[in-house]
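See structure below.
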Amino acid sequence: MSEPDAASAGGKPAPSNLVMRVLAALVLAPLTIAIAYAGGWLWALLVTLVSIGLFAEWLMVVGAASTALTGAGTIVIAMMGAAVAFGGLKTSVIVGLVGGAVVTLMARGKFVWAATGFAYAAAALLASILVRKDLVNGFSALMFVLLVVWATDIGGYFAGRSIGGPKLWPRVSPKKTWAGAFGGFAASLAVAAGFAACGIGKLIPLLLISAILSVVSALGDLFESAVKRRFGVKDSSHLIPGHGGLMDRLDGFVAAILVAWIIGFLRHGVHSAGSGLMVW
């Protein structure tokens, strides 16, 4: 997730923008948690809609958007989401590979950028659904990833705002600071400590995982910033008041949930990735 520029620079964001950010978060965060708790087709539907939005925004950012390309991508991603939601992971992957190839070929001069955007959205789709599908630890694993990403974002916001100091990577994101980066990292470790204190996982493994996911989340943020800077775009869209677009809000989560699923998959397999992430 993108750390606010004004905060990262040590300045104060416009009050109206800050109010909009807070109000939007107060609505979206509980709604996301409620749907994540429900799981099943409801979570899959939300993730599918968001992934379609991510692909559409990516096409707009890289200047490849068209009705045909966006429409084709929407159909393929919707088919992938439906397949994996009802247990057809292999079908979803095949649809993604074949449909994604067709979609990206339609982009012609923007082939590489369209392919990257489709892979970005498809990875977010599959990882988010597969982590939650673990019947034993899916919800706790998903909440762990969400809270680590949110803590990284919020900790970075307030540390950057109150401390300021040297810039993290001026060429890519001129306003972000090292203070914000370390503040977000420290906040993510507090999430791990909180889970362990509640008896959900062991402290040391959770601290290590939260550290990895926090860094990956920050790198996902920088990756999106680099893409937007490459094409001279400030916000991926204006869909969310005070936050910008889905890419602006979910850049860190996309990277973190993918890495979280990979860790869980390597330890406990495709269908128990949540347990692989949380049980040590």
Side-chain angles (χ1 to χ4, degrees), residues 1-6 8-9 13-14 17 20-21 24 28 46-81 95-128 149 153 167-176 216-258:
M1 297 185 182
S2 299
E3 183 183 331
D5 287 345
S8 303
N17 184 61
M20 285 192 295
R21 289 179 63 87
L28 294 177
L46 174 63
V47 170
T48 301
L49 292 175
V50 168
S51 299
I52 290 170
L54 287 173
F55 182 61
E57 286 188 358
W58 180 283
L59 293 179
M60 289 189 290
V61 168
V62 304
S66 69
T67 301
L69 188 56
T70 303
T74 296
I75 292 171
V76 175
I77 293 172
M79 291 173 63
M80 290 180 66
V95 169
L97 292 174
V98 176
V102 173
V103 167
T104 53
L105 284 173
M106 293 171 61
R108 297 181 181 178
K110 295 283 187 177
F111 171 81
V112 174
W113 286 107
T116 304
F118 183 83
Y120 182 83
L125 171 79
L126 294 177
S128 299
V149 173
D153 187 40
K167 303 298 185 291
L168 179 62
W169 195 352
R171 288 186 60 185
V172 171
S173 188
K175 303 297 184 180
K176 289 182 174 61
V216 168
S217 173
L219 291 175
D221 184 354
L222 290 172
F223 170 71
E224 194 233 6
S225 295
V227 173
K228 290 192 298 183
R229 179 163 290 274
R230 166 68 174 76
F231 291 95
V233 176
K234 184 178 185 296
D235 295 319
S236 59
S237 75
H238 300 287
L239 181 65
I240 308 173
H243 292 269
L246 291 171
M247 282 177 61
D248 300 314
R249 207 71 311 258
L250 298 174
D251 45 15
F253 174 74
V254 172
I257 194 66
L258 178 58

Where Val216 and Ala256 come nearest, the two heavy atoms and their spacing: CG1-N, 3.9 Å

Salt bridge check, Arg249 against Asp235: does any charged N sit closer than 4.0 Å to a carboxylate O? no

Can you see which heavy atom on Ile257 is nearest to which on Ala127, and at what distance? O-CB, 3.8 Å

Gap separating the OG atom of Ser225 from the CG atom of Leu219, nearest 0.5 angstrom: 11.5 Å

Give, for atom CZ of Phe223 and atom CG of Asp251, the distance between the pair rounded to the nearest 0.5 Å. 10.0 Å

How close do Ala101 and Thr104 get, heavy atom to heavy atom, and via which atoms? O-OG1, 3.1 Å

To the closest 0.5 Å, what do you measure between CG (Leu250) and OG (Ser51)? 9.0 Å

So, the side chain of Ser128 versus the backbone of Leu125: is there a donor-acceptor pair under 3.5 Å, distance only? no

Quick check: do Thr70 and Phe55 have side-chain heavy atoms less than 4.5 Å from each other? no

Does the side chain of Met247 reach to within under 4.5 Å of the side chain of Trp58, using non-hydrogen atoms? yes

Pairwise distance CG(Asp153) to CG(Asp221) - rounded to 0.5 angstrom: 7.5 Å

Which heavy atom in Met80 sits nearest to a heavy atom in Gly96, and how many Å separate them? SD-CA, 3.5 Å

Just jot down the side-chain hydrogen bond (donor to acceptor under 3.5 Å, both in side chains) partners of Ser236, sequence neighbours excluded, or say none. Glu57, Asp248

Donor-acceptor check, side chain of Lys228 to backbone of Val233, threshold 3.5 angstrom: yes or no? no

Side chain proximity check, Val98 to Val76, heavy atoms < 4.5 angstrom: no

Using atom types as modelled and distance alone, determine if a side-chain donor or acceptor of Arg229 lies under 3.5 Å from a backbone N or O of Ser173. no

Which residues pass the side chain to side chain contact (heavy atoms under 4.5 Å, CB included) test with Ile52, sequence neighbours left out? Thr48, Thr74, Ile77, Ala78

Output side-chain donor-acceptor pairs under 3.5 Å for residues 105-122, partner residues at least two apart or in another chain, one line each.
residue	atom	partner	partner atom	Å
Lys110	NZ	Val62	O	3.0
Thr116	OG1	Val112	O	2.8

